[in-house]
Amino acid sequence: MTARRCKGSTRTCDARRGIVLKALDDQEEAGMGRLDGKVAIVTGAGREGNIGLAICEAFLREGASAVIGTDLRTDEADQIRARVEASFGPLRFRLLEQDVTRQDDWERVIKATVGEFGGLDVLVNNAGISIHAGIIDTSLEDLRKVMAVNHDALFLGMKVCAPLLAETVRRFPGGGSIINNLSMASYMPNANNIGYHVSKAAGRMLTLCGAVEFGPMKVRVNSVHPGLTMTPLIRDGLNDYVAAGLWETPEAAEAAIAGMGPLGISSQPEDTAHAFVYLASEESRFVTGTSIYHDGGIGQRY
């Protein structure tokens, strides 16, 4: 089997490689962050203690020039803005209201992002909801509601943002990056939370299709699959399991689920954010259509 080579002459391929290596070397020598100069949108970032907000802060810490967090809920917006701006300054972070299930809202956020920051380099589809019930007890209305946020919103974000992300390669050799937060729910069945698990599984195939379609545009599409990460959504879910009689306490539920993996521990949002930094950075310029299982090893069972 003949190895596939870079398209173009050897001289052209060597030149491309030299550009990439020089950019990485220059970044290291200058003490720059891994995301220096990049502009990112992160959905589902409007709640303290969740993965979306942890991703925003990790991106800012790694030198992103601007991070636009979005969320439908705004009750914590003022305190989040104040805290993040106190750490990273008032010019690099925005928190906008957005309904990710509406294309016109996506277009509004993109217009605001381009208008203020000039472009977009990274999209993180992180927003998600969960309604705990099995097939018999889940109404079609509830299933559609979960699918709209957890799956349809990924489609809309990818559809609206991909043409803009295709311009990233002019600024960064690794091109644009789309990262979908899909959860370990995407590969493990659950009779008590079917909407969430089915929607996340559908997101896996959407990610792969996007990687194939957008690759020629120099836009990478990958997914992260967090395991038991102690966010408000997960804590609410553990309480639902207790109410359903599956465990006696939330602590018992956490220990049992964490114990399914070889590490036997749960994760924090800040841990998970590191995987998103990697996929947003130039370090992952050759990575697309890939799933990162950030799950403490639970994925080995499936």
Side-chain angles (χ1 to χ4, degrees), residues 43-53 70-76 98-102 105 124-157 180-207 223-261 266-269 272 291 293-296 298-302:
T43 68
R47 192 174 183 184
E48 289 282 7
N50 74 3
I51 293 175
L53 186 54
T70 77
D71 210 301
L72 185 60
R73 55 184 295 168
T74 60
D75 53 304
E76 298 181 36
Q98 181 191 17
D99 182 347
V100 292
T101 68
R102 295 174 56 101
D105 241 22
V124 177
N125 281 311
N126 171 73
I129 63 171
S130 178
I131 298 177
H132 286 257
I135 295 173
I136 293 175
D137 294 328
T138 298
S139 68
L140 183 58
E141 179 183 7
D142 281 347
L143 178 62
R144 286 174 172 165
K145 180 179 180 181
V146 174
M147 290 296 293
V149 177
N150 294 0
H151 175 267
D152 298 356
L154 271 65
F155 165 79
L156 289 174
N180 295 326
N181 188 353
L182 295 183
S183 165
M184 67 180 185
S186 64
Y187 55 79
M188 55 187 298
N190 186 331
N192 300 291
N193 195 5
I194 64 106
Y196 188 76
H197 285 243
V198 168
S199 62
K200 292 297 186 177
R204 293 180 73 187
M205 184 52 66
L206 185 63
T207 300
S223 57
V224 177
H225 301 251
L228 186 63
T229 307
M230 300 312 294
T231 65
L233 180 67
I234 291 297
R235 296 185 192 281
D236 291 344
L238 297 180
N239 288 327
D240 288 343
Y241 288 144
V242 172
L246 299 176
W247 284 283
E248 291 186 358
T249 65
E251 293 76 17
E254 177 184 352
I257 297 172
M260 296 169 63
S266 57
S267 175
Q268 297 300 317
T272 306
S291 300
Y293 289 178
H294 196 273
D295 62 2
I298 290 179
Q300 296 183 49
R301 301 182 55 187
Y302 295 90

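It should be emphasised that the depicted structure is a prediction, and the values quoted were computed from it without experimental measurement. Below, all heavy atoms of this structure are taken into account, side chains as well, without hydrogens, waters or symmetry copies.
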(message) Can a donor-acceptor pair be found, under 3.5 Å and without considering hydrogens, that links the side chain of S183 to the backbone of S186?
(response) no
(message) Tell me if a side-chain donor or acceptor on K200 pairs with a main-chain N or O of Y187 at a distance below 3.5 Å.
(response) no
(request) Keeping the roles fixed (side chain from N180, backbone from L182), state whether a donor-acceptor pair exists under 3.5 Å. (result) no
(message) Any non-hydrogen side-chain atom of L238 less than 4.5 Å from a side-chain atom of W247?
(response) no
(message) Tell me which one of V146, N193, L143 satisfies side chain to side chain contact (heavy atoms under 4.5 Å, CB included) with T138.
(response) L143
(message) Within this structure, what is the CZ-OG1 distance for the pair R235 and T229, rounded to the nearest 0.5 Å?
(response) 10.5 Å
(request) May I ask you to test the V198-N150 pair for a side-chain heavy-atom distance under 4.5 Å? (result) no
(message) Please find the pair of heavy atoms, one from I129 and one from K145, that lie closest to each other, and give the distance.
(response) CD1-O, 3.7 Å
(message) Ring-plane angle category for H225 and Y293, please: parallel below 30°, perpendicular beyond 60°, tilted otherwise.
(response) perpendicular
(message) Does R102, at its CZ atom, have more than 12 non-hydrogen atoms belonging to other residues, nucleotides or ligands within less than 6.0 Å?
(response) no
(request) First locate atom CG of N50, then atom CD1 of I234, and finally report the distance between them rounded to the nearest 0.5 Å. (result) 11.5 Å
(message) Are the side chains of H132 and N192 in contact, using a 4.5 Å heavy-atom criterion?
(response) no
(request) Would you confirm whether T43, through its side chain, and N126, through its main-chain N or O, come within 3.5 Å as a donor-acceptor pair? (result) yes
(request) State, to 0.1 Å, how close S266 and M230 come at their nearest heavy-atom pair, and which atoms those are. (result) OG-CG, 3.7 Å
(message) Minimum heavy-atom separation for V149 and G128, please, with both atom names.
(response) CG1-CA, 3.9 Å
(request) Output the distance between atom CD1 (I257) and atom CE (M184), rounded to the nearest 0.5 Å. (result) 6.0 Å
(request) With the side chain counted from C-beta on, respond yes when P269 and L53 share a heavy-atom pair under 4.5 Å apart, and no when they do not. (result) no
(request) Determine the minimum heavy-atom distance between P232 and G49, stating which atoms define it. (result) CD-O, 3.3 Å
(message) Restricting to non-hydrogen atoms, name the atom on D71 and the atom on A45 that form the minimum distance, rounded to 0.1 Å.
(response) OD2-N, 3.3 Å
(message) Set out, in order, the CA-CA distance, both residues' side-chain angles and the distance that settles salt bridge (Lys or Arg N to Asp or Glu O under 4.0 Å) for D75 and R73, then state yes or no.
(response) CA-CA 6 Å; D75 53 304; R73 55 184 295 168; 2.9 Å; yes
(request) Compare every heavy atom of V224 with every heavy atom of H294, then report the nearest pair and how far apart it is. (result) CB-CG1, 4.3 Å
(message) I'd like to know if the side chain of H197 and the backbone of A185 have a donor-acceptor N/O pair within less than 3.5 Å.
(response) yes
(message) For a 4.5 angstrom cut-off between non-hydrogen side-chain atoms, does T101 reach D152?
(response) no
(message) Can you tell me how far apart OG1 (T231) and CD (E48) are? Round to the nearest 0.5 Å.
(response) 13.0 Å
(message) Testing L154, N125, I51 one by one against N181 for a side chain to side chain contact (heavy atoms under 4.5 Å, CB included), which residue passes?
(response) I51
